[in-house]
Q: 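Can you keep this structure in mind? I'll have questions shortly.
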Amino acid sequence: MADDLLDQIRLNGAVPSHVAVIMDGNGRWARERHLPRPLGHRAGMKAVREAVEGAIEASVDVLTLFAFSEENWQRPATEISALMDLLEEYIAKEASELREQGVCVHVLGDRGRLVPSGRAAVERVERDTCEGKRLTLNLCISYSSRSEIARAARLLAEEALKGTRRLEQIDEEAIRERLYTAPWRDPDLLIRTSGEQRLSNFLLWQLAYTELYMTPVLWPDFTRRTLFEAILDYQRRERRFGNVTA
Ligand code: FPP
């Protein structure tokens with residue numbers, strides 16, 4: 001399958017601890033096949049499985065997937081409800097397997113906008129998988145980076161107004177701690193599928209020094225091989241974080 005790439009990754013050594021993915025191209029994949037868009041999303045669900053299993057095989061610690069943005073609420077109601085149904089189906093079908101694989105699922109974003117059954121499913125999968133130690137899977141749903149940062153600013157402003165925080169205590173660390181991603185280090189590698197070259201309001205704060213990997217592969221065609229190729233590319237990069245080479 002992809003064992004040749006995995007062997008090479010292991011030989012190279014340092015694997016990205018945190019990989020983030022913008023899963024794009026489901027609609028184009030469906031259009032190429034004269035299928036309705038929701039079938040592209042359904043095919044994308046299989047690719048999520050590939051990404052999770054590949055991440056476990058490559059010993060990635062955290063996988064953060066952009067599943068639904070706040071902007072996506074503007075899509076036609078039929079597509080939104082197909083996506084939400086798919087999310088619930090994914091949780092219903094995969095929760096026990098994710099748990100067996102040692103995956104711990106978190107959902108990041110404004111879950112208050114989900115329908116009650118979606119919210120309940122999200123809470124259930126988080127509860128049922130919370131002991132997983134092999135991989136953290138963050139699903140960003142109803143997530144947008146600018147509103148995440150605005151929310152952090154609001155939380156800090158509230159503390160300042162209450163008098164529990166001085167203005168000079170509003171610094172980068174204070175903001176970082178109020179982002180949904182606070183428990184994890186910033187992504188080392190961002191993968192975007194479908195050939196688009198943009199960030200689409202995803203993890204704008206957290207991606208400051210992340211290595212970017214854009215691939216023309218449409219998300220439903222994404223396999224663990226695509227993930228391993230991205231990791232191999234990452235392993236060839238030199239990360240300087242604004243410093244100079246030693
Ligand atoms: C972008 O493709 C993809 C999405 C908006 C949805 C992503 C959803 C999945 C991969 C399936 C379900 C996910 C989980 C976690 C169960 P697009 O529709 O923007 O494609 P296009 O740009 O080709 O139109």
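Only a predicted model underlies this, so the values are computations on that prediction, with no experimental measurement involved. Just so you know, ligand 1 is whichever comes first in the structure, and atom 1 is the first atom listed for that ligand.
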Q: Among all the protein's non-hydrogen atoms, which is closest to atom 15 (C) of ligand 1, and how far away is it?
A: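 Looking at atom 15 (C) of ligand 1, the protein heavy atom closest to it is Leu139 CD2, 3.9 Å.
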
Q: For a 4.5 angstrom cut-off between non-hydrogen side-chain atoms, does Trp205 reach Glu172?
A: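 Yes, side chains in contact.
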
Q: Output the list of atoms in ligand 1 that are nearer than 4.0 Å to some heavy atom of Tyr90, sorted by atom number.
A: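 In order of number, 16 (C).
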
Q: What atoms of ligand 1 come closer than 4.0 angstrom to any heavy atom of Trp219?
A: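 Numbered from 1, ligand 1 contributes 10 (C).
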
Q: Taking only residues two or more places apart in sequence or in another chain, which ones pass salt bridge (charged side-chain N to carboxylate O under 4.0 Å, His left out) with Asp4?
A: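 If we apply the salt bridge (charged side-chain N to carboxylate O under 4.0 Å, His left out) test to Asp4, skipping adjacent residues, the hits are Arg225.
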
Q: For atom CZ of Arg239, decide whether the heavy atoms of other residues, nucleotides or ligands shown that lie under 6.0 angstrom number more than 12.
A: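 Enclosed.
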
Q: Which residue and non-hydrogen atom of the protein lie closest to atom 13 (C) of ligand 1, and at what distance in Å?
A: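 The closest one turns out to be Val48 CG2, 4.1 Å.
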
Q: Which one holds for Phe66 and ligand 1: side chain close, backbone close, both close, or neither close, with close meaning a heavy atom under 4.0 Å?
A: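 Under 4.0 Å from ligand 1, Phe66 contributes no heavy atoms.
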
Q: Does Glu173 come within less than 4.0 Å of Arg176, counting only side-chain N to carboxylate O?
A: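 Yes, charged N to carboxylate O under 4.0 Å.
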
Q: If the condition is ring-ring contact (aromatic ring centres under 6.0 Å, His included), which residues does His106 pass it with, not counting sequence neighbours?
A: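 Testing His106 for ring-ring contact (aromatic ring centres under 6.0 Å, His included), a comparison that skips the adjacent residues, returns Trp184.
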
Q: Got Val244 and Arg240 here, is their nearest side-chain heavy-atom distance under 4.5 Å?
A: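 Contact flag for Val244/Arg240 side chains = no.
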
Q: Are any of the N/O atoms in Asp24 less than 3.5 Å from those in ligand 1?
A: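 For ligand 1, there is an N or O atom that lies under 3.5 Å from one belonging to Asp24.
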
Q: Check Arg37 against ligand 1 and report side chain, backbone, both or neither, counting heavy atoms closer than 4.0 Å.
A: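 The answer is the side chain.
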
Q: CZ of Arg146: more than 12 outside heavy atoms within 6.0 angstrom?
A: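 It does not: Arg146 CZ has 12 such atoms or fewer within range.
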
Q: Please evaluate residues Asp110 and Ser142 with respect to the criterion side chain to side chain donor-acceptor pair (under 3.5 Å), reporting the C-alpha separation (whole Å), side-chain torsions for both, the decisive distance (0.1 Å), and the verdict.
A: CA-CA 5 Å; Asp110 180 7; Ser142 192; 4.8 Å; no

Q: Run the numbers for me: atoms of ligand 1, each under 4.0 Å from some heavy atom of Leu83, listed by number.
A: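 What qualifies from ligand 1 is 6 (C), 8 (C).
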
Q: Provide, to 0.1 Å, the distance between atom 9 (C) of ligand 1 and the closest protein heavy atom, together with that atom's residue and name.
A: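 Of the protein heavy atoms, Asn26 ND2, 3.7 Å lies nearest.
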
Q: List every atom of ligand 1 that sits less than 4.0 Å from any heavy atom of Gly27, numbering the atoms from 1 in the order shown and giving each element.
A: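 The list of qualifying atoms is 17 (P), 18 (O), 20 (O), 21 (P), 23 (O), 24 (O).
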
Q: What protein heavy atom is closest to atom 22 (O) of ligand 1, reported as residue, atom name and distance in Å?
A: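 Protein heavy atom with the smallest distance to atom 22 (O) of ligand 1: Arg28 NH2, 2.9 Å.
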
Q: I'd like the name of whichever of Ile91, Leu86, Val105, Asn72 reaches closest to atom 12 (C) of ligand 1 through any heavy atom.
A: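 Minimum heavy-atom distance to atom 12 (C) of ligand 1 goes to Leu86.
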
Q: Closer than 4.0 angstrom: is that true for some heavy atom of Gly25 and an atom of ligand 1?
A: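 Yes; Gly25 lies near enough to ligand 1 that a heavy-atom distance drops under 4.0 Å.
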
Q: Tell me which one of Met23, Arg75, His41 gets a heavy atom nearest to atom 19 (O) of ligand 1.
A: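 The option holding the nearest heavy atom is Arg75.
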
Q: Considering heavy atoms of the protein only, find what lies nearest to atom 6 (C) of ligand 1 and give residue, atom and distance to 0.1 Å.
A: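 Its nearest protein heavy-atom neighbour is Ala67 O, 3.3 Å.
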
Q: Below a 4.0 angstrom heavy-atom separation, can you tell me which part of Leu65, side chain or backbone, both or neither, approaches ligand 1?
A: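 Neither part.
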
Q: Would you call the rings of Phe241 and Tyr209 parallel, tilted or perpendicular if under 30° counts as parallel and over 60° as perpendicular?
A: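 Tilted: the ring planes of Phe241 and Tyr209 meet at 30° to 60°.
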
Q: Would you please test Ser194 and Arg28 for side chain to side chain donor-acceptor pair (under 3.5 Å) and show each step?
A: CA-CA 9 Å; Ser194 92; Arg28 274 161 284 170; 2.9 Å; yes

